[in-house]
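Inspection log for the structure reproduced underneath, given as structure tokens.
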Amino acid sequence: MSHAHDAHGEIDSLADLRDASRERLLTEIGMLRQQNGTAELAAAKREVLASRDAVYGMSAELGELRARLKSEVQHARQEVMQASTWRVGARVLRPIRFAKRLLRKK
Amino acid sequence: MPRFSIVTPVYNPPAKALRECIKSVRKQTFADWEWCIVNDCSTQPHVRRILDRLATQDSRIRVAHRTTNGGIVAASQDGLDMATGVFVALLDHDDVIAKRALKRVNEELLKDDTIDYVYTDEDKIDAKGRHYDVFRKPDFDPVRLRGQNYCCHFSVFRNSLLDEIGGFRAGFDGSQDFDLILRATERARKVAHIPRVLYHWRVVPGSAAGDVHAKPYAYDAGKKAVESHFARLNIPIEVEKLNPGSYKHRFVTTDKSKLPHVSIVIPTRGDTSRIWGAATCMVENTVHNILQNSTYPTFDIVVVRDVNPDGSMVHPFTLPTQKNVRFVDYSGTFNIAAKWNSGVLASHGEFVVVLDDDTQIATPNWLEQLVGQLHLPNIGATGPMLQLEDGRVCSAGFSLRPKPRHISKGDSSTDIGWMGIHTIARTVTAVSGACMAFRRSTFDEVGGFSENYQNLFADIDFCLKLKSLNLDTVWTPEAKVYHFDARTRGANTTDSDQQNFEKRWGRFIGSDAYTRGSA
């Protein structure tokens with residue numbers, strides 16, 4: 001089986017390895033290095049992609065949190081303004097506010 | 001110097017309509033305006049009488065009477081020459097503006113000093129004064145404007161910008177405003193849209209508002225305006241008149257050898273399904289169809305195939321052994337974004353198209369049209385008209401209103417759609433990953449498709465990431481692709497995909513800048 005391999009065939013058994021010429025071994029080592037290099041490069045590229053996506057994702061999530069916070073604050077403010085205590089308080093204070101405005105004008 | 005100059009060319013309007021037009025201007029709640037009226041030698045005596053009386057009633061109103069009938073362009077240009085305001089608003093002689101129109105426009109202009117052009121929503125009014133056909137317009141979309149003068153009424157321009165571009169041009173009668181808007185928006189620093197109906201377009205017999213066939217010469221002028229726009233952008237194009245008022249543009253290539261290389265990435269498991277009644281291996285059909293019919297001269301196909309742990313294909317299939325068909329093996333758990341990313345990383349094209357394996361191209365020049373749009377400024381991704389097996393629309397882009405959905409899904413693709421949206425290229429929030437083209441460099445910049453999504457939303461997420469780089473997504477009906485909608489793992493929304501999408505983009509769900517109307 002091993003003898004049937006050509007000079008560029010893969011070494012896939014111990015017998016193959018024992019009988020292989022130096023030239024064939026060097027070719028095999030080169031091929032393996034290249035394959036590993038390509039695989040490593042591909043993995044690195046994917047990691048770069050994933051990192052960039054994570055950055056965009058985090059920035060989008062931050063925007064989302066800000067928007068939610070803003071809407072919650074608005075909602076809370078609206079609730080306070082609509083509360084009966086607030087409305088009664090506003091009515092009570094209306095003459096004082098009016099007087100203040102008059103004083104400021106003078 | 002008044003804030004606004006309203007410019008109105010007048011030629012034989014019915015007395016009642018003219019009076020209503022006058023009333024609407026004089027009732028404005030914002031007072032800092034002048035009205036430049038040009039009577040284009042009207043033959044009906046009531047016109048001169050009404051206008052002369054009007055000029056004596058209000059010092060802000062100036063009336064000029066032309067001695068010869070010069071047509072709408074000459075009369076409008078005379079009006080522009082009279083205008084001394086900071087902004088110029090265009091109003092037709094029989095139309096009506098809302099009482100708060102100028103006030104609202106002024107409020108918008110005060111928000112940003114760089115706004116050079118503002119347009120608003122509009123509706124139509126019939127002879128009895130009844131309002132109908134409300135046109136809730138999208139936010140400014142230069143792509144749609146190339147196919148349709150959707151901005152139209154109420155248009156307000158910065159006067160200095162009109163000076164810069166030289167005002168109205170002779171030879172564009174009937175579409176002189178379209179030509180003006182195209183030229184103005186090319187130079188405008190900022191364009192604003194007020195999503196309120198502030199203009200009421202009167203429908204009278206013989207007006208373009210009521211009968212689109214009333215002024216055929218206007219559509220020839222409109223075609224010329226679009227051609228002239230592309231000539232200024234230095235992009236070779238063929239423009240064709242569609243339904244009146246709409247124009248389609250097709251990218252043409254004078255030198256095919258200069259076209260950039262495109263890589264087509266097709267993820268597949270090798271499934272077989274029934275297409276038009278016949279059992280078909282979908283990926284084989286898709287690839288054969290591309291190789292046989294595509295007219296684009298330089299492309300390669302990267303097939304991302306599912307393989308078992310031992311390296312054998314999950315569902316074996318055979319494809320022609322051609323130099324431009326390559327394979328990438330994928331053995332991970334199903335994740336459409338991961339498969340797209342693997343394919344794109346293994347590709348070499350300057351432009352990339354991701355394409356589902358259950359598709360079939362319907363227009364041989366699909367790649368020319370998809371890639372052509374990407375040469376225009378600020379465009380990050382493009383998608384075609386996706387059609388179902390029976391010819392109905394599968395997707396005319398994505399809208400986020402009221403929730404993420406395909407625009408016009410299930411509608412007839414032979415129908416022009418609301419305001420002609422099935423017939424003209426336009427900006428959309430996103431396009432389907434079943435067929436999407438983009439620049440490889442942009443893909444790298446935004447980190448490709450997010451693998452946080454297993455099945456759905458990775459395509460919309462990608463387009464929204466592009467938007468954060470100020471790159472728009474364009475849908476074009478000039479490229480048509482059948483999508484048999486038989487996704488390898490179904491198209492059901494998974495909870496985690498939905499949650500991940502809302503975590504990033506939830507604030508955008510519910511409203512959509514490009515589909516405000518009935519789209």
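Looking at B:Phe462, there are no atoms closer than 4.5 Å to chain A (heavy atoms on both sides), in backbone or side chain. Interface remark: B:Ala338 contributes backbone and side-chain atoms alike to the contact with chain A (heavy atom separation under 4.5 Å). Only the side chain of A:Arg68 comes within contact range of chain B, judged by heavy atoms closer than 4.5 Å. Heavy-atom distances place the side chain of B:Ser468, and not its backbone, under 4.5 Å from chain A.
When all heavy atoms are compared, the tightest approach of B:Leu466 to B:Ala381 is CD1-CB, 3.6 Å.
Checked against the 6.0 Å centroid threshold, B:Phe398 and B:His406 count as a close aromatic pair.
A heavy-atom distance below 4.5 Å is not found between the side chains of B:Phe449 and B:Asp461. Side-chain contact between B:Pro404 and B:Leu456: absent, with no pair of heavy atoms (C-beta onward) separated by less than 4.5 Å. Looking only at side-chain heavy atoms (C-beta outward), B:Asn452 and B:Arg504 come within less than 4.5 Å of each other. Counting heavy atoms from C-beta outward, B:Tyr514 and B:Thr473 have side chains that stay 4.5 Å or more apart.
Below 30°, between 30° and 60°, or above 60°: for B:Phe457 and B:Phe501 the angle between ring planes is below 30°, a parallel geometry.
Residues of residues 47-62 of chain A lying under 4.5 angstrom from chain B, judged on non-hydrogen atoms, are A:Leu49, A:Arg52, A:Asp53, A:Tyr56, A:Gly57, A:Ala60, A:Glu61 in numerical order.
B:Arg401 contributes a side-chain N or O that, together with a main-chain N or O of B:Thr515, makes up a donor-acceptor pair within less than 3.5 Å.
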